[in-house]
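This structure is a prediction, so every number in the text was calculated from the model and none was measured.
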Amino acid sequence: MSDFQQQYALWDEFLNVWPLSRLTTMTLDEYTQSGSKKTFTYWLEFRLDAIGMGNIAGGSAFKFGVFSRRDNDEKTSDAKLSYSDTHAWYSSLGQTAEAAFSQVRDQVLQIATLAVKGEVNSIEALPYLGSATKWKIAFHYQNRQLPVMVGVLTKPPLEVFLGARKVSLSADTSMAALQQASVAQRPADLGILEFGRQIWQEWSLKNLVIWKHSHGDQPFTSTERQKYLDGHLAVIHRDTGKEQGKKFEEAPVGTLFFLCHGNSPQRIGQFTSEAQPCDKGDGWLQRSYRLLKPAQR
C-alpha cells in the first residue's frame with residue numbers, strides 16, 4: 001500500500017470514528033483528555049499529520065479553544081485565559097471548562113457542516129478556534145470527490161503556488177479565496193492529498209522570507225533570554241516601534257525567523273503558535289516555535 005493509500009485509509013478511519021452526527025453529542029472528555037489517543041483533538045493534531053493533510057502539531061493548545069491540562073501547576077486566570085485544575089480555555093467562552101466546550105463544540109459542528117456543503121467562505125471569521133485548527137477540521141469533512149480546499153493551512157505556500165501560475169491576488173486575499181483558487185488549479189486526475197503535497201514541494205523550493213527577531217540586552221535579562229531559548233519562545237512587546245509588535249502578532253503560523261541576542265545570531269526557528277500573552281508583564285506577547293537550526297558561530 002502506498003503512502004497516499006495509507007493516508008486516505010486513515011482519513012476514512014477518522015470519519016468512521018468521528019462522523020458528523022457524533023459531533024452533536026461529543027463530550028468534553030471525548031474532545032480533549034490529557035494522555036488519551038482517542039480524542040477528537042488528538043486525531044487532528046497527531047494522527048492526521050502527514051504532509052498534505054494539514055499539520056497543526058505543536059504550539060499552544062489554546063488553538064482548540066478549551067483543552068485538558070497535562071500539568072498541575074497553579075495558574076491564575078485573567079480576562080483572556082482561564083484555568084481550572086483540569087482544563088484551560090479562553091475566558092470569553094465562559095466561566096467553566098464545560099461552558100467553554102459547549103461553545104467550542106457548536107463551532108466545530110458548524111465548521112464541519114459548512115465543509116460538507118462546500119461553503120467555506122464564512123469559516124475564517126469564526127472566533128473560537130485557532131485559524132489552522134478551523135481549516136484542518138474543514139479539510140477533513142469536505143467532500144473528497146468535490147474538494148473545495150487543500151490540506152495547506154497557512155497563506156504563504158498558497159500565495160507562492162498561485163503566484164507562480166499568474167493568479168491575481170491582493171494583499172488581503174482571504175484564506176477561503178486562496179483555497180478555492182488553489183483547488184481550481186488541481187489536475188482532474190490528481191487526488192487532493194497528492195495535490196497538497198505538490199504545493200508544499202513547490203513552497204519548499206522557493207526562497208522564503210525570514211524575519212529577524214531580537215531579544216536584546218534591554219529589556220531582557222540573561223536569565224530571561226535563556227528561559228525563552230529553553231522554552232522555544234519568541235517574545236516581544238505589543239507596542240514595539242515600527243509596527244514590529246503588530247507584525248509579530250499578525251505573522252502566520254509557519255513563518256520563519258532568525259533569533260538574535262542583540263546582534264548575535266542564535267538560531268533559525270518557525271512559529272508554531274499564534275501570539276499569546278507572556279508572563280513577562282502587561283503588553284508582552286510570546287509565540288512558540290520549533291528550532292530548525294542553531295547558530296554555528
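Between E30 and R105, none of the side-chain N atoms (NZ, or NE/NH1/NH2) sits under 4.0 Å from a carboxylate O, so this pair counts as no salt bridge. Note on D282 versus R238: no salt bridge recorded, every NZ/NE/NH1/NH2 to OD/OE distance being 4.0 Å or above. Comment: K63 engages E45 in a salt bridge, judged by a side-chain N to carboxylate O separation of less than 4.0 angstrom.
Here the closest heavy-atom approach between residue S34 and residue R69 is recorded as CB-O, 3.7 Å.
In this structure, F46 is not a member of the same hydrophobic cluster as W18, with clusters built from ILVMFWY side-chain heavy atoms closer than 4.5 Å. Hydrophobic clustering of Ile, Leu, Val, Met, Phe, Trp and Tyr side chains at less than 4.5 Å, counting indirect connections, keeps V235 apart from V253. There is a path of hydrophobic side-chain contacts, each under 4.5 Å, that joins L229 to F248. Put simply, L126 and F67 are part of the same group of oily side chains (I, L, V, M, F, W, Y) that touch within less than 4.5 Å, one to the next.
By the 4.5 Å heavy-atom criterion applied to side chains, E124 and W135 are counted as neighbours. In this structure, the side chains of P156 and W203 come closer than 4.5 Å at one or more pairs of heavy atoms. The closest side-chain heavy-atom distance from M53 to H140 is below 4.5 Å. Counting heavy atoms from C-beta outward, L158 and M175 have side chains that approach closer than 4.5 Å. Within the 4.5 Å cutoff, the side chain of L169 has heavy atoms near those of the L178 side chain.
Counted within 6.0 Å of CG on D230, heavy atoms from surrounding residues, nucleotides or ligands total more than 12; the atom is thus considered enclosed. The number of heavy-atom neighbours closer than 6.0 Å to CD of E13, taken from other residues, nucleotides and ligands shown, is above 12. No more than 12 heavy-atom neighbours from other residues, nucleotides or ligands sit within 6.0 angstrom of CH2 on W211. Under a cut-off of 6.0 angstrom, the local environment of NZ in K38 is sparse, with at most 12 non-hydrogen atoms contributed by other residues, nucleotides or ligands. For D78, the CG atom sits in a packed shell: over 12 heavy atoms of surrounding residues, nucleotides or ligands are nearer than 6.0 Å. Heavy-atom contacts from other residues, nucleotides or ligands closer than 6.0 Å to CD1 of I51 number 12 or fewer.
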Pair S170-T173, side-chain hydrogen bond (donor to acceptor under 3.5 Å, both in side chains): steps then yes or no: CA-CA 5 Å; S170 65; T173 300; 3.1 Å; yes
Does the salt bridge (charged side-chain N to carboxylate O under 4.0 Å, His left out) test come out yes or no for E202 and R165, once each step is laid out? CA-CA 12 Å; E202 290 192 25; R165 285 153 181 79; 2.6 Å; yes
Taking it one step at a time, do L153 and K136 satisfy side chain to side chain contact (heavy atoms under 4.5 Å, CB included)? CA-CA 7 Å; L153 309 179; K136 174 84 171 184; 3.8 Å; yes
Decide side chain to side chain contact (heavy atoms under 4.5 Å, CB included) for W89 and H87; before the verdict, give the C-alpha distance in whole Å, the side-chain angles of both, and the deciding distance to 0.1 Å. CA-CA 7 Å; W89 63 95; H87 292 83; 4.2 Å; yes
Would T39 and T32 count as a side-chain hydrogen bond (donor to acceptor under 3.5 Å, both in side chains) here? Give the steps. CA-CA 6 Å; T39 64; T32 174; 5.8 Å; no
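For the atom pair NE2 of H232 and OH of Y289, the computed distance is 5.5 Å after rounding to the nearest 0.5 Å.
Looking at D29 and T27, their side chains never bring a donor and an acceptor atom within 3.5 Å of each other. Judged by distance alone, the side chains of S288 and T272 never bring a donor and an acceptor atom under 3.5 Å apart. Counting only N and O atoms by type, the side chains of S264 and Q266 include a donor and acceptor under 3.5 Å apart. Using a 3.5 Å distance cut-off with no hydrogens or angles, the side chains of R144 and Y8 do not pair a donor with an acceptor.
The side-chain contact (heavy atoms from CB on, under 4.5 Å) test with L129 is passed by exactly one of I123, V104, V66: V104. With Q110 as the partner, the side-chain contact (heavy atoms from CB on, under 4.5 Å) test is satisfied by one option alone out of T113, V108, L114, D106: L114.
Within the 6.0 Å centre-distance limit, the rings of W11 and F139 are counted as a close aromatic pair. The ring of F14 has its center closer than 6.0 angstrom to the ring center of Y141. For F195 and F161, the gap between ring centers is short of 6.0 Å. Between Y128 and Y90, a ring centre-to-centre spacing not shorter than 6.0 Å is recorded. For H215 and Y228, the ring centers are positioned less than 6.0 Å apart. The distance between the ring centers of F64 and F40 does not fall below 6.0 angstrom.
In terms of modelled atom types and a separation under 3.5 Å, the side chain of R287 and the main chain of A251 share a donor-acceptor contact. Formation of a donor-acceptor pair under 3.5 Å by the R267 side chain with backbone atoms of L291 is not found in this model.
Remark: K212 fails to qualify as a cation-pi partner of F258 under the 6.0 Å distance and 45° angle criteria applied to the six-membered ring. Under a cutoff of 6.0 Å and an axis angle of 45°, K227 and F220 do not form a cation-pi pair. For the pair R197 and W200, the cation-pi criterion (under 6.0 Å, within 45° of the ring axis) is not fulfilled.
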